[in-house]
Amino acid sequence: MTIKTYREAIRDALAQEMARDESVVLIGEDLRGGHGGNAPEEAKVEAFGGVLGVTKGLWTQFGSARVIDTPITESAIIGMAAGAAVTGLRPVAELMFMDFFGVSHDALYNQAAKFRYMFGGKAKAPLVVRGMIGAGFSAAAQHSQSPYNIFATTPGLKVVVPSSPYDAKGLLIQSIRDDDPVVFCEHKMLYDMKGEVPDESYTLPLGQANYTREGEDVTIIALSAMVHKANQVADKLLKEGISVEVVDPRTVSPLDEEGILESVASTGRVVIVDESAARFGFAHDVAALIASQAFHFLKAPVALITPPHTPVPFSPALEKLWIPDVDRIEAAVRQLMEA
Amino acid sequence: MSTIRTLEIPKWGLSMEEGTLAQWLIKEGSAFSQGQDICEIETSKITNVLEAPWEGVLRRLLAQPGDTLPVGAVLALVADEQVSESELDAFAATLNSGASQPAPERAPSTPAPAASAPAPSTPAPEKNAAQDAIPAALRGETDAAQVNATPHALRLAKKQGIDLSKVSGSGREGRISVADLQAAITAGGGSAELQPRAAVKAKPRHTTQDDSQIPATPIARRLASQLGINLHDCRRSGSAGRVSRADVEALAALRGSGEKSVARTAEPVEERAAYDSQPLSAMRRTIASRLQESKRNAPHFRLVSEVDLTRIQALRREVNSALPSLKVTLNDLLVKACAQALMSVPEMNVQYDEASQTIRRFHTADIAIAVALPGGLYTPILREANRKTVGAISRQLHELVTRTKAGTLKAEDFQGGTFCISNLGMFGIRQFDAIINPPQCAILAVGAAESRAVVHEGQIVPRERLTLSLSCDHRVIDGAVGATFMQHLQRAIETPSLMLVEEACGE
């Protein structure tokens, strides 16, 4: 199997789906543009490929009809993608920083998410909205949030938060093939992360958790970049004989309730690590699920590890404190073990 | 009369906090009269019979043999024949919902195989993995790559030898969950309990089987597995009645498994020698916890001295030959000598009350005698030994030991005590150190009387000698106090005639 970065895995998925299905188109800022973006098409000057180069090369490969550069108009991008989806294309729209979904959200949450339901299944919106989430880049408060919890509150939207290159490729291909609008959240701190990724096309089902570590004493439920911190804690504590199971739900909506509850049932101790929000976030949703469905399995209260309820600080030192870190996770596990 | 009354775990003695139902002596549905024996209840030290406080009909047994319940917990419901089952149900429900009535620790499907208790009249087969019936139709190997199942369902299928391709899943895209697996087994007529929920389920204490379902902290479980300890054998002093690390360590200490043995025994279970697990009796649990507490909290120091028995043995032989009705033992004389030494050194005759941070200094020497029985160690107390003659001590000690062996001691017979004597001389032990039995503050370990070569009046001669080792709690007894006591004790033993003249000493 080839070793690829998270970025390359996503590009792989886009390229393979575009090659497989002509209805797949990319819409977004700087997909082609940016540096070299004004060159005439005949010049075949490849642009940067988005802020962090994820789509680099795709315009050269598929041309302007399939890789559509837009101005900085998030509302136009999503509106266009939603319209294109309902008329038969499979657009993959890129929002760059997911933080800027606000101006385009009407098209997504009040339109695209409801098409299939309101048209009695006669219309569908097979649309993927890609975007970056996550802190750790010192990109300040408007470029560092993880608003997947907000998308997940909308029925009709699927929300994917992959944590590894392998998952990113398989889940993105599945998302593109899915007939519902999918919000695909890529953590910017993971783009350079490497892992084994098959060259061939493959899909991973939405709504199935992955156990990145199996254990018996404590369950850590984490998403995206937090999964790796949870794994670190699990590996460290295993040496001390504390066996930690790490559950990565991979998709926030649909949520693999079974996969989560079975792990909780077997360990009875839960830590939920979440970067989305200190209130009304993924952690709280899962904690409520556990409290309502698996309370009798719990040996101790569920521990939630989230950032403070503040904007993400720009200061690297403060940002580091803001993000849930390995020490906090480890301390929570140890505390549960003594409970 | 349609009132429902309850039979409860009585409080026999101040220190009694819980009791274990050993056996029912009358059957459910039987009428009983006042004073009739209802059941046997095992406390930390004794097994007593609960007598009926009034007459009635034993309508509903709420506790089963082997259940350990706190004082005041309801054992059974008593009501007239006219009272309906539904009324009893309703009454039992109010008990269960009340905070004062803890749920009995038992699973109805598992009989308690306690040696002292007869099997229940309708014993259910004991459940274990081997007996779980997996329908033949489901048996086989699961190819994880071919099956859409949750990780836990896959794990269980592998463990139970189930082919998941024969199970239909109800999850998203037909994914098979543990619940689906359970449903398939049940539908096929099987009986496996797959849900790992038993981790927080109460189980009967008296089993010798798999302890994976005993509630325990993970650290305790890990430690127990390293030390080869069955969690059934441990106390459950942790929160929510779980076995805690301290409980496992207490048992390990009792078995003499120190830190060194951790590494030695931390090998795979299958490589260990075969063994039987014996459930701990309530008494053994008490011994474990109290002596662990003593060893941990009381800083022990020890004073060893050797005494000459020539004169005291001569005195013993003289008394026994003059009074054939009396059979004075060396132990009787040691009790007397200790009592006198305690009167001479009152600082030794103390108990330490940690809660109130006070020292109780006693006016009489109430001496506990350690009696080892197969079931554990008893320490009946000979009260006011300082005021008694050797003859009286001998008779009472004989009676106490007899009652101990017969199991008819009362709570007051072994509660209190200001000093303890433990004698292993009959086993040929030359010298040993004993652990103080709290709240007492000292214990005398007596070795074997034997003929030893000693220098006596410039000559090496054989003399009958004995080694005494005194363990003292340094929190309340200083070295000099202990040494002074030993001096007085030695004097009394080597010059036994003093016992005749120092009768009233210390009063």
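In what follows, every chain begins at residue 1, and chains take the letters A, B, ... in the order their sequences are listed.
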Looking only at non-hydrogen atoms, find the nearest pair between A:E214 and B:P151 and report the distance.
OE2-CB, 4.3 Å

Greatest number of non-hydrogen atom pairs under 4.5 angstrom with chain B, of A:E257, A:Q208, A:M337, falls to A:Q208

Interface residues of residues 197-207 of chain A facing chain B - non-hydrogen atoms under 4.5 Å apart
A:P205, A:L206, A:G207

Using a cut-off of 6.0 Å, state whether more than 12 heavy atoms not belonging to B:E141 lie near its atom CD.
no

For A:K229, give me all partners under salt bridge (Lys or Arg N to Asp or Glu O under 4.0 Å), at least two apart in sequence or on another chain.
none

Between B:S177 and A:E258, what is the shortest heavy-atom contact and its length?
CB-CD, 3.4 Å

I'd like to check the ring pair (Phe, Tyr, Trp, His ring centres under 6.0 Å) partners of A:F151; sequence neighbours left out, ordered by chain and number.
A:F101, A:H105

First locate atom CG of A:L336, then atom OG1 of B:T217, and finally report the distance between them rounded to the nearest 0.5 Å.
12.5 Å

Can you give me the closest heavy-atom contact between B:A179 and A:E262, atom names plus distance?
N-OE2, 4.4 Å

A:S243, part contacting chain B, at a heavy-atom distance under 4.5 Å
neither

Pairwise distance CG(A:D217) to CZ(B:R221) - rounded to 0.5 angstrom
9.0 Å

B:R245, part contacting chain A, at a heavy-atom distance under 4.5 Å
neither

Filter on salt bridge (Lys or Arg N to Asp or Glu O under 4.0 Å), then keep only pairs touching residues 176-188 of chain B, sequence neighbours left out; what's left?
none

Enclosure of A:F115 CZ (heavy-atom neighbours >12, cutoff 6.0 Å)
yes

Spatial distance of atom OH (A:Y211) from atom OG1 (B:T150) [nearest 0.5 Å]:
6.0 Å

Do the charged groups of B:R172 and A:D256 touch, with an N to O distance under 4.0 Å?
no

Does NZ belonging to A:K124 count more than 12 external heavy atoms closer than 6.0 Å?
no

